[in-house]
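Because the structure is a prediction, the values reported are computed rather than measured.
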Amino acid sequence: MSSGGEKGSTTTKTPADFLKSIRGRPVVVKLNSGVDYRGILACLDGYMNIAMEQTEEYVNGQLKNKYGDAFIRGNNVLYISTSKRTLADGA
């Protein structure tokens, strides 16, 4: 059994590092209620309060509303994910 595995990767990324790296990028924010918000991550704080721009609200996978800016209270957030699509579709 070799222990040489993945020694080349000595840096560990924390969740905070990930969140810092995705500021200004398209994200999907899933709420505890099941609603998705897709837009550009403007900023967030230690309580996971989120400010987004060019925000779209999706309920059951269908677009329900579009907002310029949106603020989401952190205790409602289930997860934040990077978006695989660009938001320039309708712009």
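Around atom CG of D45, more than 12 heavy atoms belonging to other residues, nucleotides or ligands sit under 6.0 Å away. Within 6.0 Å of CZ in R23 there are more than 12 heavy atoms belonging to other residues, nucleotides or ligands.
For the atom pair CD (Q54) and CZ (R38), the distance works out to 14.5 Å, reported to the nearest 0.5 Å. Atom CG of residue L31 and atom CZ of residue R73 lie 12.5 Å apart, to the nearest 0.5 angstrom. A distance of 8.5 Å separates OG1 in T55 from CD1 in I40, rounded to the nearest 0.5 Å. To the nearest 0.5 Å, the span separating CG on L44 from CG on L19 amounts to 5.0 Å. Once rounded to the nearest 0.5 Å, the distance linking NZ of K64 with CD of E57 reads 9.0 Å.
Listed by chain and residue number, S21, I22, T82 satisfy the side chain to side chain contact (heavy atoms under 4.5 Å, CB included) test with F18 (two or more places apart in sequence, or in another chain). Every residue meeting the side chain to side chain contact (heavy atoms under 4.5 Å, CB included) condition with L78, not counting sequence neighbours, appears here in chain and number order: K30, N32.
Closest non-hydrogen pair, M52 versus G39, comes out as CE-N, 3.3 Å.
Hydrophobic clustering of Ile, Leu, Val, Met, Phe, Trp and Tyr side chains at less than 4.5 Å, counting indirect connections, keeps F71 apart from Y58.
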